[in-house]
Amino acid sequence: MISAPLTKARQYEDTYKSLIKDEERPVFHLSPQIGWMNDPNGFSYYNGAYHLFYQYHPYSTQWGPMHWGHVKSNDLLHWEYLPAALAPDEEYDAFGCFSGSATELSDGRQLLVYTGVKEIPGPGGLREVFQTQCLAVGDGLNYQKYEGNPVLTAADVPEGFSTADFRDPKIYRKEDGSYAMVAGNRTDDESGAILLFESEDGFHWHFASILDRSYNEYGRMWECPDFFELDGHQVLIVSPQDMSQMGLEYHNGNGTLALLGAYREDTKTFTRQHTQAIDYGIDFYAPQTLLSPDGRRIMIGWMQNWDTCVAAVAGNKWFGQMSLPRELSIRENRLIQNPVRELETLRGRRIAYENIPVSEEVILKNVYGRLVDLTIRLRPQSPDSYSLFRMKFARGSQHYSSLSYCPSSSTVRISRSHSGYNRDFVHERECFVRRQNGEIKIRLILDRYSAEVFINDGEQAMTMTFYTPLTADGISFEAHGTAFMDIEKYDLR
Ligand code: FRU
């Protein structure tokens, strides 16, 4: 049975989706069918296709009662819109179907797990919030909420942990076929924590352990966890709210962390060994991963930032994009990210130049565009021959975005200060990078309204969105002193 709120959302999609022309959307980054999109949910491979759900409010370009939007794809780049999968239509999720995940049941059906949110008026005008974990079962198109919902409630949360901030379950299957999930939480001291739950059949759940907690070190509430094994390490991904800046590693506000460590199944304990930011740019949050049929751990994130949602473009009928799916690996105790290799199938014309001296502004023939996969190798002419390198892109007579590299501090900075935004919020971010034999390698992926930068084969990623008019498609290079660069550029289709 499809409920009235879900039928209404599906009809709304059908009626209004054609209002958005293809040219108004990014080409190979997902945007919502209509309205608002935040976190990726239920990122999974099911019945021969990649499925992705997303936090969704079809009726406006602002966050509202959360539905789950739904798309599927064969290559992680071209997404087919499917009808909305979940709507807030039960007493326990009346305030919204918050973030969650998906796995396949032993009988071949797909299991969705999400946070049902209920809010009731409390004393003094405050609201009382209940966040519980709920299930829905389906066939890749239609999903029925489980009659036993919610399956995890306040009663399953250990003493001293929050029942109001208890959300974003990430489910996975263990080697023996049983199920586990990690969920975000907050302790009485207001700092983040991740709880582990287990189940034999996917329907009956119990608390297993406290996997990690921040003791006020990394922000407050930890949202959207993911937990998996990668290259001999155990990785816990979390998205903390309310971070305070720490050097160039962590910026203020909502951040993303990768915690690398070891997991012991017998004690169900995780020992954290290395901690790093996942993306050093402006717009990346709440990432989630899947394991592809060929064994790749692939991550996708919300390519947006909670503090800049006020910048929805006037007149747009959609807001929010997903990042490129990224292949993950671990090198020297760091999480490495690179765009999925499928991106190479979108490559068209190739232009390459070698050993180009850069000092005064250089514009190279056929190096321009807003759909671009561009790789630069940069080196000095002689030690200290340049003090700053800058590349401008999405450049027109009045606008540009930029990436600069300063060899003495070994930092890369991205900036959208001149991209045409008319709100005063963060427009620049900077991070440390490594120079290898004096050289650095920078890969820039442009898709109409975003730039994703991968440094030194994925050691750092920096992501930002911008809504510069599409006519601004120039690319130029300049340096203080003289640098040399090799450049390889593909147009993307
Ligand atoms: C993260 C988040 C999640 C929550 C969802 C609500 O961006 O706040 O914790 O489930 O968004 O839309």
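For ligands, and for the atoms within them, numbers begin at 1 and follow the listed sequence.
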Inset, instruction - For atom 10 (O) of ligand 1, grab the closest protein heavy atom and report residue, atom and distance to one decimal in Å. - result: D168 OD1, 2.5 Å
Inset, instruction - Number the atoms of ligand 1 from 1 as they appear, then name those within less than 4.0 Å of a heavy atom of S99, with their elements. - result: 5 (C), 10 (O)
Legend entry - Contact atoms of ligand 1, heavy-atom distance to M66 under 4.0 Å: 12 (O)
Legend entry - Shortest protein heavy-atom distance from atom 7 (O) of ligand 1, along with the residue and atom involved: D39 OD1, 2.7 Å
Legend entry - Residue-ligand contact T115/ligand 1, heavy atom below 4.0 Å: no
Inset, instruction - Answer yes or no for K72 and Y45: cation-pi contact, defined as NZ/CZ to six-membered ring centre under 6.0 Å and angle to ring axis within 45°. - result: no
Legend entry - Test item: I278 and L257 side chains (from C-beta on) under 4.5 Å apart, heavy atoms: no
Legend entry - Protein residue, atom and distance nearest to atom 8 (O) of ligand 1, heavy-atom basis: E223 OE2, 2.9 Å
Inset, instruction - Enumerate the atoms of ligand 1 whose separation from the nearest heavy atom of Y285 is less than 4.0 angstrom. - result: 1 (C), 7 (O)
Legend entry - L290 vs I300 side-chain heavy atoms within contact, under 4.5 Å: no
Inset, instruction - Specify the protein heavy atom at minimum distance from atom 12 (O) of ligand 1: its residue, its atom name, and the distance to 0.1 Å. - result: Q55 OE1, 2.7 Å
Legend entry - Non-neighbouring partners of Y467 that pass side chain to side chain donor-acceptor pair (under 3.5 Å), sequence neighbours left out: Q321
Inset, instruction - Ignoring angles and geometry beyond distance, decide whether W306 reaches within less than 3.5 Å of ligand 1 through its nitrogen or oxygen atoms. - result: yes
Inset, instruction - Answer whether the closest heavy-atom distance between the side chains of D457 and I336 falls below 4.5 Å. - result: no
Legend entry - Between CD1 on residue I455 and CZ on residue F432, distance to nearest 0.5 Å: 13.5 Å
Legend entry - side chain to side chain donor-acceptor pair (under 3.5 Å) involving E91 - partner list, sequence neighbours excluded: K118
Legend entry - W63 N/O under 3.5 Å from ligand 1 N/O: yes
Inset, instruction - Record the part of N38 in heavy-atom contact with ligand 1 below 4.0 Å; permitted values are side chain, backbone, both and neither. - result: side chain
Inset, instruction - Mind running ring pair (Phe, Tyr, Trp, His ring centres under 6.0 Å) on Y143 and F53 for me, showing each step along the way? - result: CA-CA 12 Å; Y143 297 85; F53 304 80; 5.7 Å; yes
